[in-house]
Amino acid sequence: MQSIYHPASIEQQAQQHWDKSGAFAATESTDKPKYYCLSMFPYPSGKLHMGHVRNYTIGDVLARYHRMKGFNVMQPMGWDAFGLPAENAAQAHNVPPAAWTYDNINYMRRQLQSLGLGVDWAREVTTCTPEYYRWEQWLFTRLFEMGVIYKKTSSVNWDPIDQTVLANEQVIDGRGWRSGALVEKREIPMYFFRITQYADELLGDLDKLTGWPEQVKTMQANWIGKSFGVRFAFPYELDGKQEQLWVYTTRADTIMGVTFVAVAAEHPLATRAAQNNPELTAFIEDCKHGGTAEADMATMEKKGMSTGIFVAHPLTGEQVPVWVGNYVLMGYGEGAVMAVPAHDERDFGFAKKYNLPIKQSIAVNNETFSDVAWQEWYASKEGVCAHSGKFDGLNYDQAIDAISTDLAALGLGEKKVQFRLRDWGISRQRYWGCPIPIIHCKTCGDVPVPDDQLPVVLPEDVVPDGAGSPLAKMPEFYETTCPKCGAAARRETDTMDTFVESSWYYARYTSPGCTTGLVDERAQHWLPVDQYIGGIEHAILHLLYARFFQKLMRDVGVFGDATQVQNLDEPFKNLITQGMVIAPTFYREAENGKKLWINPAEVDVQNDDKGRPIGATLRADGLPVVIGGTEKMSKSKNNGVDPQAIIDEFGADTARLFMMFAAPPEQSLEWSDAGVEGSFRFLKRVWKAAHDHVEKSPPAGTPPFVKGGVTGDLSAEAKTLRRQLHLTIQKVDDDIGRRKTFNTAIAANMELLNALAKFTDTTPVGRAVAQEVLESVALMLNPIVPHIGQALWAALRPGSDMLDQAYPQADQAAMVQDEIELMIQVNGKLRGSITVAKTTDKATLEQLALAHEAVQKQLAGAQPKKIIVVPGRLINIVA
RNA sequence: GCGAAAGUGGCGGAAUUGGUAGACGCACUGGAUUUAGGUUCCAGCGCCUCGCGGCGUGAGAGUUCGAGUCUCUCCUUUCGCACCA
């Protein structure tokens, strides 16, 4: 065994060994329980970032741990390869998105492999290949025929200068990011997934996800947003015709306080009212400015204008004015809301601003509404109806019942369940995406592309110019014939939202190479995913869409018949949402006041003699730089640390160890160069401990391990070490397997190694205990640092392969102890401790505690009021 | 604005079921070895105090024999908000 830890050669050897032995090729064997471990696949942006390293290390630790626990493990990897950045890169470098993407994939695959992941690369999927998206198009046509996909118009961000649709990300402060033009909302036809049809199931099935973090389930439930309310109409007469203006509310109990109705700028009534009203036309035009993002809508200044139209209150017949409000969303509910300024804070502000009347219709404790300042109770559901005629005195539920009954009798409304969730628009006017498999025929309408014409292949040698979709300018792509009538027809040139590809890739991994369907019978072996790992930023959209797709695929029947998977409702049994990787920022201010961000790798930080940072300098010139905040690694703050540099300098094991040690998976992880060195130091110490042990093996040439394990009488020291060893095995098993707190698992191994370093028993039995400790440390750390694990095992057990080893088992007999230490408290404050036999009875414990010197001092002769004995922990004396 | 989290030494974090606050690591200090620097090893290290002791988990209240942990109010930070992935 080499005396120095050389990660480069150890890691290369280990990876070659794994490759050659095909250790991570997953087969559908049934002699072991299966474990499908899935990490969210990367977007091939160019090179690996720390978030990837963290994500895939967590996955690999769990995969390798379960392998050692006797599971048949499948861990795949692939590429979420369609997307906007490829189009931006294409424009910047004049290279087709396809070429850019494939280059990135090839580079990043090598990077991933250098991390030593136990991945079955034979299952790799790349979403931009026709082999993959063919089945997405196939599924699309089935869903289209089922009516789950439909067409309607929807609002997009339109850049009037570049003449193109912008993503929300491309709208900065209401302007296009390249042109700087004020962005407008524009209505265009799009295809939608009818996800609202599955809203109830998506909500209800959250209860089945016992292995998901509560916070994620809560966020999804709130996103779906099931509400119980009333949909009702305000009748009115316009141009001699009887019309109805429909609204939806969850506060029908306040209906008697309605003083106006607000409609969205896109509402037909607004359009109608603006016909002879230039001022209103201008206002509606003004409402079109700004992006479509909900956060923007919610934080912008609430503005409105009267339409001059009045509608009748459905219960009182009173005339109520209709206003256009820029805060009313056309896409949610009816695109119109009843306004009750007395009992809704937003309506209150609006009414005060525009001098609209405010009418109290709810009272809590008979209090009277005052319009001076907003009070919490105004919006309370705890109150009862007041100033509301026949409804006075009714509570929330009673009022809703009574009011909805009256509305129903008039034919003007009913109770209605509503969801906040909106249907999922998937049409994108972009090039680098999966073509939507629809042909537009003048006679037959929208016709799905038949199976024998799939896939609709996306041409790959195209460089987009940023002005509209290139496909719409390529007759060779869009000119086609109708599959139904054979007449000349036009192929759809929009592509799909890239969220679609990532909504079903987990299923495709089960059936690599399958050409007969989206998946084959192998899906039945592997699904559902046992453990899914990915960033918390995907807590809502991606995870909701993937859950939705599982239900769609189930209903289309892609999993075949007569299997348990046929009725599988949920794709991911257990979920870990990992936190972000953050790093310190450094900058210098340029003369124009702009901040020049400096990468942490180029900076030295100085500390005072207490360890507090007092300044930082740029290594290149030795001059000071400003220390900024600690923020998410990003290009804009130039605080990204390249994982490759860490792997090159310290090895993949150090990178993996640091990532797992610095924080538990769900928390954000702060990058620290010094911390990386600490992790490297630990691996060096493990290596040295094993080396010293093996090389001291007497006599020369005999195997270092002791056949038959630990036998015979142990010294007190050996007994203590062995006890700690087995407590550690138990703890680490629980930490990795149940709690998934890899940081504490590593800390426990560090403590164990520290104890071994102090161990002095050199007798054969003592040596056997030391061997047991070292072997166990190698096994326990192996999922986290598998390269060094492989090498350590080879040194400790010559001729044996780490790949074949099971996880160590804790020996309960080694954990028993006769004496325990109990803490002594007086009034809950720690005053001392006593060491007693484990079997000591309560009365004796109380006596011993009272006799304790510190207790005597605290009591000062007084009698204790009460003594609380917590077995095995403490004795608290209440004075 | 709405939804979800988080806040503990100089720093990252630990404390798993209401029961020893600060495990483990980093930084820092002192010492040994080596000495060109580094590496390695030993010891110390929450704050105040000479000491006894007191204080201490974002702030403020509450429940309890006992609260980092439970309840309420507030503050700050982070993530998501439907066309970034």
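Naming: A, B, ... by sequence-line order, numbering from 1 per chain. Heavy-atom basis, side chains included; hydrogens, waters and symmetry copies ignored.
Of the residues in residues 872-879 of chain A, A:R873, A:L874, A:N876, A:V878 come within less than 4.0 Å of RNA chain B through at least one heavy atom, sorted by number.
Legend: residues meeting side-chain contact (heavy atoms from CB on, under 4.5 Å) with A:L329, ordered by chain and number and at least two apart, are A:M297, A:Y332. Not counting sequence neighbours, A:K302 has no partner by the salt bridge (charged side-chain N to carboxylate O under 4.0 Å, His left out) test. Scanning for side-chain contact (heavy atoms from CB on, under 4.5 Å) contacts around A:K866 gives A:I868, A:V878, with sequence neighbours left out. In this structure A:H538 satisfies the side-chain contact (heavy atoms from CB on, under 4.5 Å) test together with A:M40, A:H542, sequence neighbours excluded. With sequence neighbours left out, A:F41 forms a ring-ring contact (aromatic ring centres under 6.0 Å, His included) with A:Y505. Checked against side-chain contact (heavy atoms from CB on, under 4.5 Å), A:M633 has the following partners two or more places apart in sequence or in another chain: A:M50, A:V581, A:A583, A:N639, A:V641, A:W671.
The CG-C1' distance, from A:L166 to B:C84, rounds to 13 Å in whole Å. Per the geometry, CG belonging to A:L669 stands 15 Å off C1' belonging to B:U78, to the nearest Å. In this structure, the CG atom of A:L683 is 13 Å from the P atom of B:U40, given to the nearest Å. The distance between atom CH2 of A:W79 and atom P of B:A85, rounded to the nearest whole Å, is 17 Å. Here the C1' atom of nucleotide B:C81 and the CD1 atom of A:I536 are 14 Å apart, to the nearest Å. Straight-line distance from the CD atom of A:Q220 to the C1' atom of B:A82: 13 Å, rounded to whole Å. Taking atom CG of residue A:D734 and atom C1' of nucleotide B:U17, one finds them 13 Å apart after rounding to whole Å. Summarising the geometry, the separation between NZ on A:K740 and C1' on B:U16 is reported as 14 Å, rounded to the nearest angstrom.
Across B:C79, B:A85, B:G1, the shortest atom-to-atom separation from the side chain of A:L541 is found for B:A85. Here B:C81 is the nucleotide among B:A85, B:G12, B:C81 with the atom lying nearest to any side-chain atom of A:E294. When each of B:G1, B:G19, B:C83 is scored by its nearest atom to the side-chain atoms of A:Q825, the top-ranked nucleotide is B:G19. Here B:C79 is the nucleotide among B:C84, B:A21, B:C79 with the atom lying nearest to any side-chain atom of A:M580.
In the interface, the side chain of A:Q429 is paired with the base of B:C83 through a donor and an acceptor atom under 3.5 Å apart.
Look at B:G7: its Watson-Crick or wobble partner, with both distances under 3.5 angstrom, is B:C75. When both distances must be under 3.5 Å, the Watson-Crick or G-U wobble mate of B:A14 does not exist. Partner assigned to B:U35 is none, using Watson-Crick or G-U wobble distances below 3.5 angstrom. Summarising the base pairing, B:A67 is matched to no nucleotide, lacking a Watson-Crick or G-U wobble pair whose two defining distances lie under 3.5 Å. With a cut-off of 3.5 Å on both pairing distances, the Watson-Crick or G-U wobble partner of B:G44 is B:C28. Judged by Watson-Crick or G-U wobble contacts below 3.5 Å, the nucleotide B:G1 has B:C81 as its partner.
In this structure, A:F549 and A:F193 have tilted ring planes: the angle between them lies in the 30° to 60° band. Note: A:F499 and A:Y545 have perpendicular aromatic rings, judged against thresholds of 30 and 60 degrees for the angle between ring planes. Relative orientation of the A:F680 and A:Y5 rings is tilted, given thresholds of 30° and 60° on the angle between their planes.
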Polar atom pairs (N or O), protein with nucleotides 3-7 of chain B, under 3.5 Å:
{"residue": "B:G3", "atom": "O3'", "partner": "A:N222", "partner atom": "ND2", "Å": "2.7"}
{"residue": "B:G3", "atom": "O2'", "partner": "A:N222", "partner atom": "ND2", "Å": "2.9"}

Which protein N or O atoms sit under 3.5 Å from an N or O of nucleotides 51-55 of chain B?
{"residue": "B:G53", "atom": "OP1", "partner": "A:K857", "partner atom": "NZ", "Å": "3.4"}
{"residue": "B:G54", "atom": "OP2", "partner": "A:R831", "partner atom": "NH1", "Å": "3.4"}

I'd like a list of close polar pairs between nucleotides 23-28 of chain B and the protein, N/O only, cut-off under 3.5 Å.
{"residue": "B:A23", "atom": "O2'", "partner": "A:E751", "partner atom": "OE1", "Å": "3.1"}
{"residue": "B:A23", "atom": "O2'", "partner": "A:E751", "partner atom": "OE2", "Å": "3.1"}
{"residue": "B:G25", "atom": "OP1", "partner": "A:N754", "partner atom": "ND2", "Å": "3.3"}
{"residue": "B:C26", "atom": "OP1", "partner": "A:R681", "partner atom": "NH1", "Å": "2.6"}
{"residue": "B:A27", "atom": "O2'", "partner": "A:N607", "partner atom": "ND2", "Å": "3.1"}
{"residue": "B:C28", "atom": "O2'", "partner": "A:D609", "partner atom": "O", "Å": "2.1"}

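A:V165 comes within contact range of at least one nucleobase, with a heavy-atom separation under 4.0 Å. Residue A:P664 is classed as a sugar-phosphate contact, given heavy-atom separations below 4.0 Å to backbone atoms only. Using a 4.0 Å heavy-atom distance criterion, A:I867 is classed as making no nucleic acid contact. Among the atoms of the strands shown, none is found under 4.0 Å from any heavy atom of A:F682. Residue A:M190 is classed as a base contact, given a heavy-atom separation below 4.0 Å to a base. Across all strands, A:H542 comes closer than 4.0 Å to no nucleic acid atom at all (heavy-atom distances).
A close approach under 4.0 Å does occur between a side-chain nitrogen or oxygen of A:R739 and OP1 or OP2 of B:A15. Proximity of A:N827 to the phosphate of B:G66: no side-chain N or O atom is located under 4.0 Å from OP1 or OP2. Here A:K684 reaches the OP1 or OP2 of B:U40: one of its side-chain N or O atoms lies under 4.0 Å away. The side chain of A:R428 places an N or O atom within less than 4.0 Å of a non-bridging phosphate oxygen (OP1 or OP2) of B:C83.
Among residue pairs with one or both ends in residues 657-679 of chain A, none qualify as salt bridge (Lys or Arg N to Asp or Glu O under 4.0 Å); sequence neighbours excluded. Pairs passing the salt bridge (Lys or Arg N to Asp or Glu O under 4.0 Å) check and including a residue from residues 426-435 of chain A, sequence neighbours excluded, read A:R428-A:D497.
For A:R420, the CZ atom counts as densely surrounded, since its 6.0 Å shell holds more than 12 non-hydrogen atoms of other residues, nucleotides or ligands.
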